[in-house]
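Along the sequence shown, residues are numbered consecutively beginning with 1. One-based numbering, in listed order, for ligands and for the atoms of each. Only a predicted model underlies this, so the values are computations on that prediction, with no experimental measurement involved. These values consider heavy atoms only, across backbone and side chains, with no hydrogens, waters or symmetry-generated copies.
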Amino acid sequence: MPVKYVSSRGEAPALGFVDVLLAGLASDGGLYVPETWPKLGADAIAAFAGRPYAEVAFEVVRPFVGGDIDDAALAAMCRDAYGRFDHPAVAPLTELEPNFWLLELFHGPTLAFKDLAMQLLARMVDHALKARRARITIIGATSGDTGGAAIEAFRGKDNIDVFILFPHGRVSPIQQRQMTTTGDPHVHALAIDGSFDDCQAIVKKLFADRDMRARLALGGVNSINWARIVAQIVYYFTAAVALGAPKRQVDFTVPTGNFGDIFAGYAAKRMGLPVGRLVIATNQNDILARTLATGRYTLADAVATRSPSMDIQVSSNFERLLFEVNGRDAGAVRGMMGELAKSGSFAVAPDALAKIKADFAAGRTDEAETLATIKRARKEYGLLVDPHTAVGLAVAGRFKRADTPMVALATAHPAKFPDAVFEATGERPALPARLSTLSSAKENYSRLANDAGAVKAFIESHARTVRAEEKA
Ligand SMILES: *Cc1c(COP(=O)(O)O)cnc(C)c1O
């Protein structure tokens with residue numbers, strides 16, 4: 001059954017899954033959502049119990065692909081992608097207290113939950129390019145986790161060149177080494193003499209360069225890509241089923257930045273999973289918690305915290321929820337986004353806010369509470385947790401209910417943020433064995449000026465797409 005995707009701003013053509021996968025953002029600046037939500041019945045959900053993660057992934061992702069990728073190929077990609085995780089369950093649950101669980105999403109190759117989406121996304125992109133005999137040049141900016149997860153997932157693909165910009169000297173040593181030690185000549189880590197915002201501004205400029213965009217077939221991998229959300233729906237199903245769904249409701253708390261991960265939980269609910277409350281956990285960059293409390297979405301300057309992957313100003317995927325709760329009125333979404341661009345703020349209509357609050361709650365933490373939570377988790381549960389996970393645990397504690405299991409998502413491995421963990425506990429978490437060579441591997445990266453022209457020149461002289469055309 002073909003599935004169509006529509007833009008939240010209503011002025012881009014409806015596309016099938018693979019076109020949405022390769023496009024990322026819609027041409028009208030909107031985000032793609034499925035025209036209708038696929039449903040899974042109670043029997044289908046119950047049948048997930050005890051099945052391997054890769055098989056559940058296939059069942060959950062398949063209705064979104066709508067035949068654009070054939071079943072055998074999709075099943076193989078799921079097996080391959082999730083066969084690379086350190087834990088046989090892929091996303092195991094750990095009991096913290098009665099009815100309070102930790103969902104460990106950090107057993108992938110780069111120790112962050114982004115691997116769960118990126119590993120499958122890369123295989124789907126590669127497959128689609130081969131089918132179309134096409135090539136792509138991936139360009140992205142990272143403050144740390146996304147770049148590593150993308151490089152790890154996309155390296156070694158014949159039809160894909162990867163260029164990731166990161167702020168020189170401002171990512172953690174582990175994050176940098178994950179990007180610079182692949183040894184793959186077609187993966188380029190570019191250390192920019194500037195901030196993360198500078199990196200992102202350069203990437204935006206290059207994407208706006210129509211000639212370059214067409215010639216190099218530029219593609220993006222940021223968190224608004226619909227395929228990333230789809231892959232993240234899977235672990236809501238596996239976790240809830242392990243705790244008694246579909247017979248029982250389950251609540252989730254999600255450390256949130258761009259709203260991609262928690263929107264996947266909402267999507268699972270729309271598909272028929274009995275999700276109770278979805279709790280948004282933020283650090284001091286609390287735009288979403290403020291929006292739920294006040295009904296106004298108002299930008300503020302991003303503050304640097306110990307949970308940097310949540311240090312965002314604009315929560316991009318929230319637009320998808322706004323589209324849903326405004327009755328899929330694309331004109332209303334365009335109005336809000338126009339206001340945001342003009343004045344840095346917009347109001348959520350009262351009935352739309354009521355709908356958001358029917359499914360979501362929100363809470364924020366400050367740095368002291370985050371550190372105190374890391375310390376408490378060590379003492380009470382005997383666990384070292386990373387600062388992003390700690391934000392979630394702190395907020396989950398306020399919202400857990402006696403009769404409903406609460407699942408807090410653990411989004412990064414503690415060894416990825418050793419300084420914060422040490423600060424809170426006096427202990428340094430060990431890197432998993434398979435990453436033990438990371439600190440001795442040879443680094444390879446190019447240091448470039450904070451200048452779009454310099455980055456463009458570098459990419460044009462290194463991307464295979466351009467060179468192939470020049471030879472022709
Ligand atoms: C990206 C990230 C988040 C935030 O996820 P969103 O989908 O952007 O809300 C939280 N924790 C970690 C460790 C991350 O890398």
(Q) My understanding is that only residues two or more places apart in sequence, or in another chain, count here; which of them pass salt bridge (charged side-chain N to carboxylate O under 4.0 Å, His left out) with K400? (A)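 Salt bridge (charged side-chain N to carboxylate O under 4.0 Å, His left out) check on K400 returns E97.
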Q: Compute the ring centroids of F17 and F64, then answer whether they are less than 6.0 Å apart.
A: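 Ring centroids of F17 and F64 are no less than 6.0 Å from each other.
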Q | Output field: ring centroids F318/Y297 closer than 6.0 Å | A |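 Under 6.0 Å, so yes.
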With a cut-off of 3.5 Å and sequence neighbours excluded, list every side-chain donor-acceptor pair involving residues 260-272.
residue	atom	partner	partner atom	Å
D261	OD1	Y235	OH	2.6
Y266	OH	R270	NH1	2.8
K269	NZ	V275	O	3.2
K269	NZ	G276	O	3.1
K269	NZ	D359	OD1	2.7
R270	NH1	E324	OE1	2.9

Q: Taking only heavy atoms of the protein into account, state which residues are under 4.0 angstrom from an atom of ligand 1, in chain and number order.
A: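 Those residues closer than 4.0 Å to ligand 1 by some heavy atom are F113, K114, D145, P255, T256, G257, N258, F259, G260, D261, S309, M310, H388, T411, A412.
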**Q.** F323 six-ring face occupied by R328 cation (under 6.0 Å, within 45°)
**A.**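 Output no; distance or angle outside limits.
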Q. Among all residues two or more places apart in sequence or in another chain, which pass the side-chain hydrogen bond (donor to acceptor under 3.5 Å, both in side chains) test with E369?
A.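 Once residues adjacent in sequence are excluded, the partners of E369 under the side-chain hydrogen bond (donor to acceptor under 3.5 Å, both in side chains) criterion are R398.
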